[in-house]
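What follows is a set of notes on a single structure, which appears directly below.
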Amino acid sequence: MTLHLFDTLSRSVRPLRPLDGKSFRFYCCGPTVYGPAHIGNFRTFVMQDVFRRVIEATGLPTRHVRNLTDVDDKTIRGAEAAGQSLSAFTAEWRDAFHADCAALGCRPPHVEPSAVEHLPQQIAMIETLVAKGHAYAADDGSVYFKLSSFPGYGRLSHLDTRELRHGAAVTSDEYENDKESVSDFALWKARKPEDGANFWPSPWGEGRPGWHLECSAMALKYLGETFDLHSGGVDLVFPHHENEIAQSECCTGHRLCEHWFHITHLLVDGRKMSKSLGNLYTLAQLADMGHDAMAVRWVLLNGHYRQPLNFTLDNLAGARSALARLTKSVAALEQHGGQTAPRLTPPVQPAWQALLDDLNVPKALGQIFTLLNETTPATVAPAAAIEMAAGLRFILEETLGLTLPPAIAESTASAPDNVRTLAEKRWAARTAKEWAAADSLRAELGALGWTMKDGKETYTLSPLPSA
RNA sequence: GGCGAGGUAGCAAAGUGGUAAUGCACUGGUCUGCAAAACCGGUAUGCGCGGGUUCGAUUCCCGCCCUCGCCUCCA
């Protein structure tokens with residue numbers, strides 16, 4: 001019952017055991033709240049959610065901290081452009097992010113600290129770093145981390161300093177030309193005219209914190225000097241996480257965390273998402289196309305987190321069918337055997353083991369369908385049906401966070417009067433074996449967005465999918 | 001240029017030194033007036049290309065082609 005997960009630093013799959021023996025404490029780099037998050041962002045957040053759910057399903061409580069980056073170049077630029085205060089601007093996008101997360105079935109973190117509300121902690125950390133000789137103030141009032149003071153730099157990303165220096169994109173920022181070395185990164189950025197009203201006092205003058213610092217400071221406050229795991233998208237490995245390690249470990253003198261969990265990027269139609277390619281989707285855009293968030297979650301879950309996952313609309317369209325089939329299967333089992341609480345049962349052990357083995361979600365789902373194919377709900381004994389249903393709910397709902405729609409309820413009763421009237425007419429025609437009339441009435445119902453299924457004694461009506 | 005990941009059926013995606021899970025789509029059948037749903041089947045002699053090792057490779061090695069990511073603030 002222990003999750004084994006690949007660790008970026010050691011490049012090996014390792015068992016996850018909490019340092020304090022009681023709860024699993026982990027930090028996830030959260031969104032920069034300056035615009036709508038896209039499905040690529042959500043691949044990371046959904047996988048982190050599954051990660052958390054699996055840990056919790058093993059019986060281990062978690063402490064999940066995920067920050068909100070609400071003070072940086074993009075948020076300040078966005079607020080200035082919108083003529084809003086930074087807090088009003090970021091609050092709007094924070095709320096949108098929360099709504100998307102909720103729609104995707106992600107459990108909210110236990111703590112969601114805001115960067116701009118933790119300036120004292122960040123400043124204190126800089127002071128410690130300066131005092132210890134790991135950071136220095138430049139003439140303009142910016143403060144930089146002195147990379148040469150931390151020999152361990154580059155271990156996570158496996159880049160040595162020589163490679164860093166010769167990196168293709170090493171061009172010094174026009175505002176960072178006071179650095180002693182091009183590789184040094186900003187802990188505090190001196191106030192600039194374009195920052196507008198968004199600057200704060202510090203021992204080095206007015207300005208704002210560097211991006212990397214917020215995570216170090218807030219992780220320290222909410223998780224302590226050393227915690228269990230740190231996570232984010234692969235692009236954060238370098239430089240963000242590398243810098244966090246440098247700051248935190250130089251500040252506290254202790255190892256930052258035991259494990260690094262990085263999620264590979266999502267591709268769309270085989271390409272990296274970008275606005276210019278027009279393949280950057282948000283949940284809202286997909287909703288407009290008739291795709292609900294659970295279908296999106298399904299697609300995001302259907303690849304191993306260390307493999308590139310190719311998102312296609314074609315695949316998304318099929319997600320609804322898959323989810324509907326699961327819903328019906330579970331409902332049929334429960335109808336046959338009865339309902340009970342979700343729990344880990346023998347039939348779903350193969351799927352559970354796949355999840356414990358480096359979060360192999362696609363394999364787990366394959367096991368679920370294999371189970372379904374091998375066992376027909378109607379042919380199993382009631383007791384076995386209960387066991388299967390409980391296990392399926394455990395894997396699908398508790399662990400993978402897939403909300404099975406409440407039995408696509410043949411909502412005959414909820415149909416509008418005109419629809420019901422048409423249905424009655426069709427049922428009469430069908431009973432009278434007037435097939436042509438029955439078929440044309442069915443077409444009329446379809447045009448109204450309803451589908452009619454004939455049963456033995458009566459019929460059922462249900463709304464067509466919204467697409 | 002450096003580091004890393006990957007190329008498996010129409011679309012996705014697991015997986016393994018012994019002969020290719022699974023989902024969607026498609027398709028044959030049962031059922032149905034016809035459908036839908038459900039159920040029973042089918043659909044890669046093949047896993048980027050060329051060599052090699054091996055009794056045997058999609059899985060190991062070498063070379064090549066292509067894609068993708070990171071290389072200072074993009075999940």
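Each chain gets a letter, A, B and so on, in the order the sequences are listed, and its residues count up from 1.
- Side-chain proximity of A:Leu309 to the nucleotides B:A13, B:G15, B:G23 is greatest for B:A13.
- Separation of the A:His230 and A:His259 ring centroids does not fall under the 6.0 Å cut-off.
- Counting non-hydrogen atoms under 4.0 angstrom, A:Met47 reaches nothing in the nucleic acid.
- Not a single donor-acceptor contact under 3.5 angstrom links the side-chain atoms of A:Lys433 to the base of B:C34.
- Within 4.0 Å of A:Arg426, counting heavy atoms only, lies at least one base atom of the nucleic acid.
- Residue contacts for A:Asn302: at a heavy-atom cut-off of 4.0 Å it reaches the sugar-phosphate backbone alone, with no base atom in range.
- A centroid separation of 6.0 Å or more is found between the aromatic rings of A:Tyr136 and A:Phe145.
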Can you give me the dot-bracket string for RNA chain B, 5' to 3', counting Watson-Crick and G-U wobble pairs with both distances under 3.5 Å, using [ ] for crossing pairs and | for partners on another strand?
(((((((..(((.....[...))).(((((.......))))).....(((((..]....))))))))))))....

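- Cation-pi contact between A:Arg191 and A:Phe199: present, with separation from the ring centre below 6.0 Å and deviation from the ring axis of at most 45°.
- If you measure from atom CZ of A:Arg306 to atom P of B:A13, you get 16 Å, rounded to the nearest angstrom.
- Aromatic ring centroids of A:His241 and A:His262 lie under 6.0 Å apart.
- In this structure, A:Arg66 is positioned above the aromatic face of A:Phe45, its NZ or CZ under 6.0 Å from the six-membered ring centre and within 45° of the axis.
- The side chain of A:Asn310 has B:A12 as its nearest neighbour among B:G4, B:C34, B:A12.
- Side chain A:Arg43 to base B:G69: no donor-acceptor pair is found below 3.5 Å.
- For A:Arg442 and B:U32, the CZ to P distance is 15 Å, given to the nearest whole Å.
- Using a 4.0 Å heavy-atom criterion, one finds that A:Gly366 contacts the bases of the nucleic acid, with or without backbone contacts as well.
- Side-chain proximity of A:Trp298 to the nucleotides B:A75, B:G23, B:U67 is greatest for B:G23.
- Distances from the side chain of A:Pro308 to the nucleotides B:C71, B:C73, B:A5 place B:A5 closest.
- Here A:Gly210 lies out of heavy-atom contact (under 4.0 Å) with every strand.
- Nucleic acid contact class of A:Asp439 (heavy atoms, under 4.0 Å, all strands): base.
- Counting any heavy atom pair closer than 4.0 Å across all strands shown, A:Asn41 reaches a base atom.
- The residue A:His240 sits apart from the nucleic acid: no heavy atom pair falls under 4.0 Å.
- For A:Gln307, counting side-chain heavy atoms from C-beta on, the closest listed nucleotide (B:C24, B:C11, B:G6) is B:G6.
- For A:Asp72 and A:Gly318, each mapped to the nucleotide of RNA chain B holding its nearest heavy atom, the one lying further toward the 5' end belongs to A:Gly318.
- Residue A:Ser321 has its side chain nearest to B:A25 when only B:A75, B:G23, B:A25 are considered.
- Taking only side-chain atoms of A:Lys453, from C-beta outward, the nucleotide of B:A35, B:G33, B:G69 with the closest atom is B:A35.
- Counting any heavy atom pair closer than 4.0 Å across all strands shown, A:His304 reaches sugar-phosphate atoms only and no base atom.
- Within the 4.0 angstrom heavy-atom criterion, no nucleotide atom of any strand lies near A:Ile263.
- Using a 4.0 Å heavy-atom cutoff across all strands shown, A:Arg325 reaches sugar-phosphate atoms only and no base atom.
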Steps toward salt bridge (charged side-chain N to carboxylate O under 4.0 Å, His left out) verdict (A:Asp195, A:Arg77):
CA-CA 7 Å; A:Asp195 291 341; A:Arg77 196 183 308 136; over 6 Å; no

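- Aromatic pair A:Phe394/A:Trp352: centroids less than 6.0 angstrom apart.
- Counting any heavy atom pair closer than 4.0 Å across all strands shown, A:Asn315 reaches a base atom.
- With B:G15, B:U22, B:A75 as the candidates, the nucleotide lying closest to the side chain of A:Phe369 is B:U22.
- Judged by distance alone, with hydrogens and angles left aside, A:Lys189 brings a side-chain donor or acceptor within reach of the base of B:C73, the pair sitting under 3.5 Å.
- The side chain of A:Lys74 approaches B:C74 more closely than any other nucleotide in the set B:C74, B:G69, B:A14.
- A:Gly303 comes within 4.0 angstrom of the backbone, heavy atoms only, and of no base.
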